[in-house]
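Step one of this worksheet: look at the structure below.
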Amino acid sequence: MAQVGIVMGSDSDMPVMAKAAEILEELGISYEMKIISAHREPDVFFEYAASAEEKGFKVIIAGAGMAAHLPGMCAAIFPMPVIGIPMHTTSLGGRDSLYSIVQMPSGIPVATVAINGGTNAGLLAAKILATSDEGLLKKLKGYSQSMKESVQKKDARLQETGYKNYK
């Protein structure tokens with residue numbers, strides 16, 4: 001049974017949404033991924049959001065661009081956390097998506113990550129789940145430790161080679 005729903009309005013969002021899925025896979029978290037347009041197929045969208053709790057989802061990650069209604073509408077229907085990923089757009093650089101997702105009305109919160117922030121959305125979903133899963137919390141701590149070690153290795157190489165030879 002999937003713990004996280006990943007939903008996007010268009011397949012053009014896939015490169016960003018795949019980053020969320022990759023993090024969930026790395027941490028051993030089950031998910032279901034769908035492409036559903038809140039505007040072009042509202043009946044399908046409503047059924048998805050209304051059945052998400054029954055399916056066992058604990059968090060939904062929703063990515064959308066431009067008007068970006070998908071995350072907010074998920075939050076209006078699904079009673080548990082929704083994480084919105086604003087997509088970069090050619091017309092306004094993703095600011096339209098960001099504003100649409102982050103400016104939710106009182107009572108309908110959507111946790112919003114950076115424009116094209118698929119990795120952070122996956123990590124935030126994992127952190128939400130880790131509040132009640134010690135094993136997952138341990139994996140997240142290991143993930144953080146590996147990031148720290150990666151930076152330390154880069155610095156050691158810089159100190160050894162100097163900035164002119166750093167490649």
Side-chain angles (χ1 to χ4, degrees), residues 1-38 40-41 44-66 68-89 94 97-98 100-102 104 109-155 157:
M1 182 182 297
Q3 293 183 285
V4 177
I6 299 176
V7 62
M8 66 200 90
S10 170
D11 61 351
S12 63
D13 303 335
M14 188 64 72
V16 173
M17 303 308 286
K19 291 178 182 178
E22 289 165 4
I23 287 293
L24 296 177
E25 288 175 8
E26 183 177 336
L27 295 169
I29 298 169
S30 60
Y31 65 90
E32 173 188 288
M33 185 181 282
K34 294 271 194 185
I35 299 170
I36 301 173
S37 172
R40 294 179 185 95
E41 47 183 6
V44 174
F45 163 75
F46 185 84
E47 175 58 29
Y48 171 81
S51 66
E53 181 183 7
E54 185 179 298
K55 288 181 185 177
F57 294 177
K58 302 297 182 206
V59 180
I60 291 177
I61 299 172
M66 299 172 65
H69 288 114
L70 192 59
M73 288 304 298
C74 283
I77 298 167
F78 180 65
M80 289 183 265
V82 174
I83 302 166
I85 305 174
M87 295 295 157
H88 184 273
T89 58
S97 313
L98 174 65
S100 180
I101 296 170
V102 79
M104 291 299 298
V110 175
T112 309
V113 296
I115 295 168
N116 285 355
T119 299
N120 275 352
L123 286 168
L124 182 55
K127 288 182 176 205
I128 291 167
L129 295 171
T131 62
S132 60
D133 183 333
E134 287 293 322
L136 180 54
L137 181 58
K138 185 177 179 180
K139 289 178 184 178
L140 279 167
K141 288 178 179 179
Y143 181 87
S144 293
Q145 181 62 32
S146 69
M147 286 192 309
K148 176 182 178 179
E149 291 169 2
S150 174
V151 173
Q152 290 172 336
K153 286 179 186 175
K154 291 173 184 178
D155 181 58
R157 192 175 70 190

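Position 1 is the first residue of the sequence; numbering continues from there. Atom set for the values below is all heavy atoms of this structure, side chains included, hydrogens, waters and symmetry mates excluded.
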With rounding to the nearest 0.5 Å, note down the distance linking CG in L70 to CD1 in I35.
-> 11.5 Å
From Q152, K153, Q145, residue fulfilling side-chain hydrogen bond (donor to acceptor under 3.5 Å, both in side chains) relative to E149 | Q145
Verdict with reasoning, I60 to M80, per side chain to side chain contact (heavy atoms under 4.5 Å, CB included) | CA-CA 8 Å; I60 291 177; M80 289 183 265; over 6 Å; no
Run the numbers on M33 and M8 for side chain to side chain contact (heavy atoms under 4.5 Å, CB included), then give the verdict.
-> CA-CA 8 Å; M33 185 181 282; M8 66 200 90; 3.5 Å; yes
Using modelled atom types only, decide if a donor and an acceptor are shared between the side chain of S37 and the backbone of G9 within a distance under 3.5 Å.
-> no
E25 vs Y31 side-chain heavy atoms within contact, under 4.5 Å = yes
Taking every non-hydrogen atom, the tightest pair across S97 and A64 | CB-O, 3.7 Å
Closest non-hydrogen atoms of A125 and I61, given as atom of the first, atom of the second and distance, are CB-CD1, 3.9 Å
Find the distance between OG (S51) and CZ (F46) and round it off to the nearest 0.5 Å.
-> 10.0 Å
Determine whether L129 and L27 make a side-chain contact, defined as any pair of heavy atoms from C-beta on separated by less than 4.5 Å.
-> no
Take I85 and D13 through the side chain to side chain contact (heavy atoms under 4.5 Å, CB included) test and state the conclusion after the steps.
-> CA-CA 10 Å; I85 305 174; D13 303 335; over 6 Å; no
Does the side chain of N116 come within less than 4.5 Å of M87's, by heavy atoms?
-> yes
Which atoms form the tightest heavy-atom contact between F78 and V82, and what is the distance?
-> CD2-CG2, 4.0 Å
Determine whether more than 12 heavy atoms belonging to other residues, nucleotides or ligands lie under 6.0 Å from atom NZ of K141.
-> no
Can you tell me how far the CD1 atom of I83 sits from the CD1 atom of I6, to the nearest 0.5 Å?
-> 10.0 Å
Give the minimum heavy-atom separation between L136 and A130, together with the two atoms involved.
-> CD2-N, 3.7 Å
Exceeds 12 heavy-atom contacts within 6.0 angstrom, atom CD of E134 = no
When every non-hydrogen atom of G56 is compared with those of M1, the smallest separation belongs to CA-SD, 3.5 Å
Mind running side chain to side chain contact (heavy atoms under 4.5 Å, CB included) on Y48 and M73 for me, showing each step along the way?
-> CA-CA 11 Å; Y48 171 81; M73 288 304 298; over 6 Å; no
Considering all heavy atoms, the nearest M17-G63 contact = CE-N, 3.5 Å
Roughly how far, to the nearest 0.5 Å, is the CD1 atom of I23 from the CG atom of L124?
-> 12.0 Å
